[in-house]
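In the text below, chain A, chain B and the rest are named by the order of the sequence lines, each starting its count at 1. Since the model is a prediction, treat every value here as computed from it, not as a measurement.
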There are 2 protein chains.
Amino acid sequence: MSEFAKPTLDDVARAAGVSTATVSRCLNAPDLVITATRERVMQAVETLGYTPDFGGRALASRRTNTVGAIIPTMDNAIFARGLQSFQQALSRFGKTLLVASSGYSPAREREQIEVMASRGVDGMLLIGSARPEASVEFLRRRGIPFLGAWNLGGEDGYFVGFDNRAAAAGLTEAVLALGHRRLAMIAGITYMNDRAADRMEGVRMAAEQAGIGADQLPVIEAAYTFEDGARAFGELMALSPRPTAVLCGNDVLAVGALQKARELGLRVPEDVSITGFDDIDLAGVVDPKLTTVRVPHNRMGEAAAEMLIRLISKQPVERRIEIPTEIIERGTLGPPPADPAV
Amino acid sequence: MSEFAKPTLDDVARAAGVSTATVSRCLNAPDLVITATRERVMQAVETLGYTPDFGGRALASRRTNTVGAIIPTMDNAIFARGLQSFQQALSRFGKTLLVASSGYSPAREREQIEVMASRGVDGMLLIGSARPEASVEFLRRRGIPFLGAWNLGGEDGYFVGFDNRAAAAGLTEAVLALGHRRLAMIAGITYMNDRAADRMEGVRMAAEQAGIGADQLPVIEAAYTFEDGARAFGELMALSPRPTAVLCGNDVLAVGALQKARELGLRVPEDVSITGFDDIDLAGVVDPKLTTVRVPHNRMGEAAAEMLIRLISKQPVERRIEIPTEIIERGTLGPPPADPAV
DNA sequence: CAATCCAATGTAAGCGCTTACACTGGTTTT
DNA sequence: AAAACCAGTGTAAGCGCTTACATTGGATTG
């Protein structure tokens, strides 16, 4: 073995004076090997700096102990946090995580699914449930277990997430309870994004329930940036009559709205109320602090890991695990102005 | 092939009536195959839903087209942003990214390095340069090209990053130029973190240069949370004489400090100036907006990808690429109070 | 028209590993 | 004391792929 060659099982076997089978057993089922032998082998492993070749191992054992996760983007605190917990939980089970991002594109997600399948992942974590049937079909054909996270999905499939619709409805009810009647919403882009769509629907449902029809509830969809949130808020404030409460599909939009409100000289919540969704760090930092919905990403990541492991090892699992959300009341929601501006 | 079995090269070959070699060539070097054959093969690939097995491919070709990145944590906007660009650039070269996190622990980083090596990554991206020699030695022995990012490293190795020390010194000079003399610093934890250490040193250097010795420059190290930043700021404000400017090792600490300042009834920057570092989104959202140092993570991610690709394909490369930083003047830095409180 | 060449394809040898099965020799059982 | 057993180890057959080399037959050359 040259200085730069990667040592193989064979090298170790030769160095320890045993067969490759024994070395393999030392690594995978140490109990089968007598202590003296094992120590000799481990010594050889150590001095040679041997690490098993993943490809060879995967090929021979038809297992990879790898699970894949495809998220819309890494550049978003929401997914980052959940994924971090997911990974930690996974590693407790000896699995490693492969992460890829789809950039919110179903086509790119499909590509990544194939990449992961090629790599022989034992299971897969996807976000939400809005995707072409073909992607799902592919996974099923291959017999790769997978689950959706961050929401609760539809008819079939496995899910661990929260009920975005119910949470949004709950928050809306809280707003209504304060006496607001002229609501508006800045929603995230709903195309192929069930979280955003569900939140929008939740707000609409609750409004409807209170006798506020869709025609009286202006909704603007905006991309996930402060600027887009600010712009949408500007448009909403130009409306007449002006809304007294603006429900935002996520905290980033809400913070953008908040900035715009300051720019427009509107006091929050005296002149206009604003709510967010997700309770990212940001929410506690702006002034006033954001009233929002807390989504326990850590718990979700862990629950997802556990569920996927069970799915992979064919243990019985519940079809969906709901993670409860919670309204966090801080400073941006108050009663409507007594004499609302027109 | 049963409904649930993964189709192999052999299945495709049989279906298309060619040899496995031809199928392989269709996938890897299509030019070598005549169009008619290729179309027949591709058709078979399509109908069978074939995706090449990564393990088999890696084993046979001794290439993986995979590069690894080990970052301290995913749950940090700074790394997320750079990594996103890194990945995008990489995928333009047909490489896929494997991400792992070390949780700021050198031991865990070492483990992950071995995992990546096992998986046969063609190259590796690490953060910074502070790590046990053994980790570096391992990589070298294995002949795996790697580079450090986010800083500029030491004597040897490849780096693409910024000069944290110089940037911190530059910002400190700007603070001094406004007339501040009673400086203090809230640094990130410097243990095994050269970025934090360099920033601290930069501040100290510039202060020294202005005749302010280390004994006149209180420094507190704080973990990467708002709370820790706030706590440290509280301690600093209890000092007598009270600092008129607090330089923070990153934006998160600065925002924590800012909150604490408000809590203490101190006006920023009238009573005390605060500066950050990194220019994360947050910096533009707090009130007043943070004066900080912008670090172009996108450019860095791309430059890192390019450099690593060159390293892998043994093309000539520069040993270090410096990404310039920029001071972003916003609202938290002003002249010291005329009659500073004691 | 034989010799040569070359493009298109096939043949088959591994890549590094796991694991079913075979073997060995001591211990227990009958 | 022979039979049965078993713990510890070895032998060797692939896993799915790539690729050096061999083969084929039509086009080009002298």
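- Between R310(B) and E306(B), no side-chain nitrogen of the basic residue sits less than 4.0 Å from a carboxylate oxygen of the acidic one, so the salt-bridge criterion is not met.
- Contact annotation for L9(B): base contact, defined as any heavy-atom pair under 4.0 Å involving a base atom.
- For the pair R14(B) CZ and dG10(C) P, the interatomic distance rounds to 14 Å; values are reported in whole Å.
- Each of A58(B) and T37(B) was assigned the nucleotide of DNA chain C with the nearest heavy atom; the assignment lying further toward the 5' end belongs to T37(B).
- We find that R57(B) and D53(B) are not joined by a salt bridge, their nearest charged nitrogen and carboxylate oxygen being 4.0 Å or further apart.
- Counting only residues at least two apart or on different chains, no ring pair (Phe, Tyr, Trp, His ring centres under 6.0 Å) pair has a member in residues 13-44 of chain A.
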Donor-acceptor contacts, no H, no angles, side chain residues 39-46 of chain A, under 3.5 Å, sequence neighbours left out:
| from | atom 1 | to | atom 2 | distance (Å) |
| --- | --- | --- | --- | --- |
| R40(A) | NH1 | A16(A) | O | 2.6 |

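- By the 4.0 Å N-to-carboxylate-O rule, R63(A) lies too far from D122(A) to be salt-bridged with it.
- Place S61(B) and R40(B) on DNA chain C by their nearest nucleotides, and R40(B) ends up nearer the 5' end.
- A heavy-atom distance below 4.0 Å to DNA chain D is reached by these residues of residues 22-33 of chain A, ordered by number: T22(A), R25(A), V33(A).
- The rotation axes computed at either terminus of the helix from dC1(C)-dG30(D) to dT30(C)-dA1(D) lie 40° apart, taking five pairs at each end and rounding to 10 degrees.
- Here the options are L98(A), V99(A), L97(A), T96(A), the test is side chain to side chain contact (heavy atoms under 4.5 Å, CB included), and the partner is L98(B); only L98(A) passes.
- At a threshold of 4.0 angstrom between heavy atoms, the contacts of R38(A) with the nucleic acid are absent.
- Between F162(B) and H297(B), the two ring planes are perpendicular [angle over 60°; tilted spans 30° to 60°].
- At a threshold of 4.5 Å between non-hydrogen side-chain atoms, the residues V33(A) and V18(A) do not count as touching.
- Looking at heavy-atom distances under 4.0 Å, Y50(B) makes contact with sugar-phosphate atoms alone, never a base.
- Running 5' to 3' along DNA chain D, contacts with non-hydrogen atoms of chain A at under 4.0 Å begin and end at dG8(D) to dG16(D).
- For residues 62-90 of chain B, the set of pairs meeting the ring pair (Phe, Tyr, Trp, His ring centres under 6.0 Å) definition, not counting sequence neighbours, comprises F79(B)-W150(B).
- Using a 4.0 Å cut-off between charged side-chain N and carboxylate O, R108(A) and E111(A) make a salt bridge.
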Could you please spell out the steps behind the side chain to side chain contact (heavy atoms under 4.5 Å, CB included) verdict for V160(A) and E318(A)?
-> CA-CA 10 Å; V160(A) 25; E318(A) 286 183 83; over 6 Å; no

